Amino acid sequence: MAPSAAQRIVIENCAIATVDAADTEHASGHLVLAGNRIESVGAGKAPGNLENVVRRIDGRGHLATPGLVNTHHHFYQWITRGLATDHNLFDWLVALYPTWARIDDQMTYAAAQGSLAMMARGGVTTAMDHHYVYPHGTGDLSGSIIRAAAGMGVRFTLARGSMDRSEKDGGLPPDFAVETLQGALAATEETVKKHHDASFDAMTQVAVAPCSPFSVSTELMREGAELARRLGVRLHTHGSETVEEEKFCHELFGMGPTDYFESTGWLGEDVWMAHCVHMNDSDIAAFARTRTGVAHCPSSNARLAAGIARVPDLLKAGVPVGLGVDGTASNESGELHTELRNALLINRLGAHREAALNARQALRLGTHGGARVLGRAEQIGSLEPGKLADVVLWKMDTLAHASIADPVTALVFGAAAPVTASFVNGRQIVEDGRLLTVDEDAVAASTREEAQRLARIAARG
């Protein structure tokens, strides 16, 4: 818990959705943030005898929720948005890899800032980036991404990706855009040792994350899993995203993606997979048995015509599920709060129809579900005393939402709600919809410049 001498911020008179185990809610309640922890949350006014109160916020007309947790993203794609808009996954990758293979650390930093800024101003307090494109001689790409996240003030997990299966080996990326097996393992281990923080209130963590079955060798999958477990960090990759991937796995490995993952040590409670669209009952049972997590990316799955993930069945089986933006070359909005709505709506097009998901389940996916997938449910993802002070205050009394009586329904079913305040680790990073940690206009300008520079370089081949 926070020390008694900690400076306190008091938020009162707001609706509160705690997303705790009992889904406790308060029509009008209070939150007390002490240092970087939540000290108290409950109905009515805050205790009257609090010391060291440095700020009081009247939350009338607002809904307080845990900060949103993003579980899958590719920040570098911010500077290649709006391209290959009518492609499926494999065709989209083939179209864009020649451009992505020419990124450098300056582009990566600008793209990370753009991706982070868009998410943070929309209620994300914990972000992650699966970065797997490391062209030769382009600088410290991992360091540039981590530096951007630190400057933005968000909690962050870097999934240090890798690829060692290029075009000459039957993969999709150009030969000069991949690493060697040993080079990828060594660079990943160095990144973990340099940047991973295992403490309760860590702002930066690192996961081991070979890209996908069709872009890495079996040796990199196996040795990557061994490396992660030796270092005590989590594992992440893409899985079961498209029917083409499933066909690829059967042709190359003689088995489907889930069986292949299990054969390489890639199922377990320390693993989470992106997408998991094409899974049968046996696959879901394997994920449930091993407590392997899923990052559900509804907008990207729709953009690339990948299909509808069986989220209701995953949840019923007990599989940990969170939400992901995915790369902004396949989800140009780059916002996670819109994924609450899209997850609910798209899943209602599936077999379960109107019973697929409700508003509170969608909010849980974007908060506690994401925290569980990232292995941080003890620290974030719900508003409870002792947890880290990652809190978002959504403005619900504007034209867009004021006539919807239930604030959680308004947040999920309605238009994207404005963020009046967002706190990460007790520090406010958003006020009245604007970032406090960076100049948004400067970030927009730099991302435009870097996108244009990358396009010029790619055009020259």
Side-chain angles (χ1 to χ4, degrees), residues 72 74 76 90 93-94 96-98 100-105 108 128-146 157-196 205-241 245 248-268 270-274 292:
H72 186 66
H74 307 295
Y76 73 90
F90 275 24
L93 289 171
V94 170
L96 291 176
Y97 265 137
W100 293 339
R102 289 164 173 83
I103 61 172
D104 58 28
D105 55 354
T108 303
M128 72 79 66
D129 182 30
H130 185 192
H131 187 85
Y132 55 84
V133 182
Y134 288 88
H136 305 160
T138 52
D140 182 9
L141 303 189
S142 293
S144 68
I145 297 164
I146 290 170
T157 295
L158 173 68
R160 203 293 180 183
S162 52
M163 298 185 293
D164 69 340
R165 187 193 296 277
S166 65
E167 288 175 319
K168 66 178 174 55
D169 303 311
L172 299 178
D175 295 341
F176 64 88
V178 304
E179 301 172 280
T180 64
L181 169 63
Q182 293 307 319
L185 292 169
T188 301
E189 181 167 4
E190 179 184 6
T191 303
V192 172
K193 290 181 175 179
K194 184 176 182 180
H195 295 291
H196 181 70
Q205 296 196 328
V206 180
V208 175
C211 181
S212 65
F214 52 84
S215 60
V216 305
S217 65
T218 297
E219 292 76 18
L220 182 52
M221 291 296 291
R222 285 201 180 104
E223 294 187 39
E226 293 168 2
L227 173 66
R229 288 170 179 135
R230 174 165 62 81
L231 297 176
V233 298
R234 297 181 73 75
L235 300 90
H236 180 58
T237 192
H238 297 87
S240 302
E241 186 173 0
E245 178 192 334
F248 177 94
C249 286
H250 277 286
E251 290 178 351
L252 199 63
F253 311 124
M255 63 187 86
T258 299
D259 289 338
Y260 175 67
F261 287 133
E262 187 153 36
S263 75
T264 56
W266 272 81
L267 293 185
D270 55 354
V271 181
W272 84 102
M273 306 272 184
T292 303

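Just the heavy atoms: all of them, side chains too, but no hydrogens, waters or symmetry mates, feed the values below. Just so we're clear, the structure is a prediction, and the values are computed from it rather than from any experiment. Counting begins at 1 with the first residue of the sequence.
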Checklist outcome for this item: For V216 and P210 the tightest heavy-atom approach is CG1-CB, 4.0 Å
Checklist entry - Between the side chains of Y134 and S142, does any donor sit under 3.5 Å from an acceptor? => result yes
Item to check | Check: Q205 and M128 side chains under 4.5 Å, non-hydrogen atoms | outcome: no
Checklist entry - With a 4.5 Å heavy-atom cut-off, do H131 and L141 have their side chains touching? => result yes
Next on the checklist: Could you walk me through whether V233 and V208 satisfy the side chain to side chain contact (heavy atoms under 4.5 Å, CB included) test, starting with their C-alpha distance in whole Å, then the side-chain angles of each, then the deciding distance to 0.1 Å, before giving a yes or no?
Outcome noted: CA-CA 7 Å; V233 298; V208 175; 3.8 Å; yes
Checklist entry - Do the ring planes of H72 and H74 sit parallel (below 30°), tilted (30 to 60°) or perpendicular (above 60°)? => result perpendicular
Checklist outcome for this item: Nearest heavy-atom approach of W266 to M221 is NE1-O, 2.7 Å
Checklist entry - Taking atom types as modelled, is there a side-chain donor on S217 or D164 under 3.5 Å from an acceptor on the other? => result yes
Next on the checklist: Show the nearest heavy-atom pair for residues A228 and L235, with the distance to one decimal.
Outcome noted: CB-CG, 3.5 Å
Next on the checklist: Any non-hydrogen side-chain atom of T237 less than 4.5 Å from a side-chain atom of F261?
Outcome noted: yes
Next on the checklist: What's the separation between atom CZ in F90 and atom CD in E241, rounded to the nearest 0.5 Å?
Outcome noted: 8.5 Å
Item to check | Spatial distance of atom NE2 (H195) from atom CG (L158) [nearest 0.5 Å] | outcome: 8.0 Å
Item to check | Minimum side-chain heavy-atom gap I145-T108 below 4.5 Å | outcome: yes
Checklist entry - Name the one of E189, R160, K194 that satisfies side-chain contact (heavy atoms from CB on, under 4.5 Å) with V206? => result R160
Checklist entry - If you look at every heavy atom in S240 and T258, which pair is closest and at what distance? => result OG-OG1, 4.3 Å
Checklist entry - Would the number of heavy atoms belonging to other residues, nucleotides or ligands and lying under 6.0 Å from CD of E167 be above 12? => result yes
Checklist entry - Do the side chains of E245 and P257 get nearer than 4.5 Å, heavy atoms only? => result yes
Item to check | Donor-acceptor pair, side chain of D270 and main chain of R229, under 3.5 angstrom | outcome: no
Item to check | Taking every non-hydrogen atom, the tightest pair across L220 and S162 | outcome: CD2-OG, 3.5 Å
Next on the checklist: Classify the ring geometry of Y260 against F253: parallel below 30°, tilted from 30° to 60°, perpendicular beyond 60°.
Outcome noted: parallel
Next on the checklist: Can you give me the closest heavy-atom contact between C211 and M163, atom names plus distance?
Outcome noted: CB-CG, 3.7 Å
Checklist entry - Between H236 and H238, do the side chains contain an N or O donor and an N or O acceptor separated by less than 3.5 Å? => result no
Checklist entry - Given the rule in the side chain to side chain contact (heavy atoms under 4.5 Å, CB included) test, do L93 and F214 qualify, once you have shown the distances and angles that lead to the verdict? => result CA-CA 11 Å; L93 289 171; F214 52 84; 3.7 Å; yes
